[in-house]
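Convention: sequence-line order gives letters A, B, ...; per-chain numbering from 1.
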Amino acid sequence: MTDSNALLPLDAVRRVEPSKPGKGAPVPAPSRPVARVAVDNPLPHLDRPFDYLVPVTMHETAEPGVRVRVRFAGQLVDGFVLERVEESDHTGKLTALERVVSGERVLTGEIAGLARAVADRYAGTLADVLRLAIPPRHARAEANPPRPAETTAAPTEPVPSTPGDAATGPVPGMSGDAATGPVPGMPGDAATGPVSGQPGDAAADTPTSPVTDTTGGTPVPADNAPAGPWDDYPMGPSFLDALRNGRTPRAVWSALPGAKGWAWAVAEAVRATLDGGRGAVVVVPDGKDVALADAELTRVLGDGRHVALTADLGPAERYRRWLRVLRGQVRAVVGTRAAVFAPVAALGLVAIWDDGDDLHAERLAPYPHAREVLALRAHRTGAAMLIGGYTRTAEATQLIASRWARPIVAARTTIRSLAPRVHPAGEDAELAKDQAARQARLPSLAWRALRQGLESGPVLVQVPRRGYLPALACQNCRAPARCALPPTRLSTAPGAEASEPYADIPGLAMAATAGRGTKHGGLRLESEPGSAGPSSCHGPLGLRGGHSAPYCRWCGRVDAGWRCPNCGGHRLRAVVVGARRTAEELGRAFPSVPVRTSGRDGVLATVPATRALVVATPGAEPVAEGGYAAAVLLDAWALLGRPDLRATEEALRRWTNAAALLRPGAEVVVLGDAALPVVQALLRWDPITHAERELAERAELGFPPAVRMATLTGSAAAVRQMLDETRLPDGAQVLGPVPVDEAGRERAMIRVPRGGGGALAAALKGASGVRAARKAPDVVRVSVDPLDLI
DNA sequence: TCAATCCGTATC
DNA sequence: ATACGGATTGAC
């Protein structure tokens, strides 16, 4: 028994281990007897590969990428073989693999490297990311043999390591060239190799001239006769050419509103990529958009060349489709956020639609954002990237500013010809005379637009999500109730380091949710009644459960003596009324017109071109055949009143998503003050100026994407302890902690300049590791660049 | 001097 | 989590 162990490299075994009864010591595999395994363990300080002995019985099957069961710390756990090597660095006895779960090599080298990069970026563990990346196995689906016709078409198998892995550091990429056979060429490997920075850091990076080609190139070749969706954009055709020619264009695409449809454009981009011999991944916010894109891909590509991956498929079907991608039977994928990890080989394009939709943020640790994962993936593999939407996020704008991506925008005249006509109706707009419409709180402008639209087709009414917003308005005059107390301001306390760019942070008052004027860590709240700016806080008021007095959702203070500045009333009412109730009221205002609703409990994908009143919540608007004849956007104040950093960006995104469904030139009435820049942006269909202003504002406030931010949330003691134990990188600044809820939980924010993100994530990971190793009782949730920064 | 127990640490 | 090694303690 010990004789066979003599083959092992390191036998400093002092005692002869008594072997388990009935089981001899395993005979090692004849070559590469060591498997490096990514073990599915949740502990941050154990987030590295572990070596196991490959018994000869598993020599053939324990290939890189397969699922295995291993004994780890006395328990049987799942894992993935990352690579097979000759020797181990481990100076102890190697435990043997317990079992190869299946021969299917589900973890490709590319995805292993990507998952490592995502974990590093978000201060999370590889195991957590792999859980997101690889769907649960379904044995029956695996057993179904691939159809021969499809397998011969694309001989792609798990892709061996990309050279880029080496640049990323301790990546468990399967680098052994012995591990796999001949490599199908990875386009863009050359581009990936020398690049070490993350996409977002491009500005701070060494000049890698990421935008090498395409969009700046020569304009359209004159010969393409049929007008495609990209012909409306001056840079569109050259973008498609670059995709077709295997290059790496990265574009932020401001989609035109209207019937031509974003899904068609995306499908054409996918077709160009496939034509160039590469694969594509398309990520959209929800199932309705998957259905739209799926239909367009089928129309443009024909049957069987792509798959749709959504959460609601069920485990078997989901795994079956995913395997078709893994096995190279299809090379194009459209799906919701989990599809960012779809194992498409020889990736040529990653695309994301409407990257401002918060559905793109993963809800499971480490909370990666689809746009960021795709950008990392594109960067690592040398794939092209397309970030599309009617509006532009500050993050996408940042990618343009750092020259990582180029804009694709239509000419002003084209935009004007396709955009709807938008009319604002301010808060004080005259209510409709019609009794029922008055009941539905519909201004006469809106009522007229709907009535006129209904003469020729379906009309859309966008209402706030039910239960979405506990904001208040004056019961008497409906003026929004806002905080009348003097403004508060957060400043760094003496002693806390205030590095130059963040010395003063106007507007950070929003970060404080508690109104005690007490000191919290390095920050304190102070009143500055005499300072420049508004004489009162103006935060939206809300009601907390059980209390009768309203509190400010920005500064947290209770304002028992609130009086309406408009009419002097002192009674408040909830502003938000759900879709159903609004639908009922509108139905009475327009008897004889069918009312259809689309919302949380029942999303309609499409409605026919017939006259109908379609009431929908944001994100659930059905596409109307031929476009809507008119629309009314009712949730302006609900959106803008939100105590959210992204409130205006989000409002514009939702408005344009609804308005884009209209026929060109149709009328939109938005219940919002025309003086607001965000209303102006909708009126002029100019999301770009708005996004640029937004980015500038974030830079001024020191918020992402201008900086990299992380939040720590947990019990007050735990958060403080973790802050103490974190070796923060240079230039890091701590805000808070401040209370976040009534359970005494607190949240601290840490920000670093762009480019310091990696160091910050590493520091936080280290600190969580220390806490986990010590078995610290309360968990501190770490979130890098979370959406809800308030 | 030895065995039972506690504690900290690594987990291959 | 759990198993292990080393330190500690208590009794002979």
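- Look at NZ on A:Lys93: it is 15 Å from C1' on C:dA3, rounded to the nearest Å.
- As rounded to whole Å, 18 Å separates atom P of C:dA1 from atom CZ of A:Arg71.
- The separation between A:Asn41 atom CG and B:dC12 atom P is 11 Å, rounded to whole Å.
- Between B:dC12, C:dT2, B:dT11, one nucleotide has an atom nearer to the side chain of A:Asp51 than all others, and that is B:dC12.
- Heavy-atom neighbours of A:Arg727 CZ from other residues, nucleotides or ligands within 6.0 Å: at or below the threshold of 12.
- In this structure, A:Leu46 places its CG atom 12 Å from C1' of C:dT2, rounding to the nearest Å.
- The two atoms that bring A:Thr95 and A:Arg71 nearest to each other are CG2-CB, 4.3 Å, heavy atoms only.
- Rounded to whole Å, the distance from CG on A:Leu94 to C1' on B:dT11 is 13 Å.
- The NE2-P distance, from A:His90 to B:dA10, rounds to 12 Å in whole Å.
- Around CD of A:Glu60, the count of heavy atoms belonging to other residues, nucleotides or ligands within 6.0 Å does not exceed 12.
- We find that CG of A:Leu76 is positioned 14 Å from C1' of B:dC12, with the value rounded to whole Å.
- Put simply, CD on A:Glu98 is 16 Å from C1' on B:dT11, counting in whole angstrom units.
- Remark: A:Arg116 engages A:Asp120 in a salt bridge, criterion side-chain N to carboxylate O under 4.0 Å.
- Residue A:Thr95 places its side chain closer to B:dC12 than to any other of B:dT11, C:dA1, B:dC12.
- Of the candidates B:dC12, B:dT11, C:dA1, B:dT11 carries the atom nearest the A:His45 side chain, counting heavy atoms from C-beta on.
- OP1 or OP2 of B:dT11 has at least one side-chain nitrogen or oxygen of A:Arg48 nearer than 4.0 Å.
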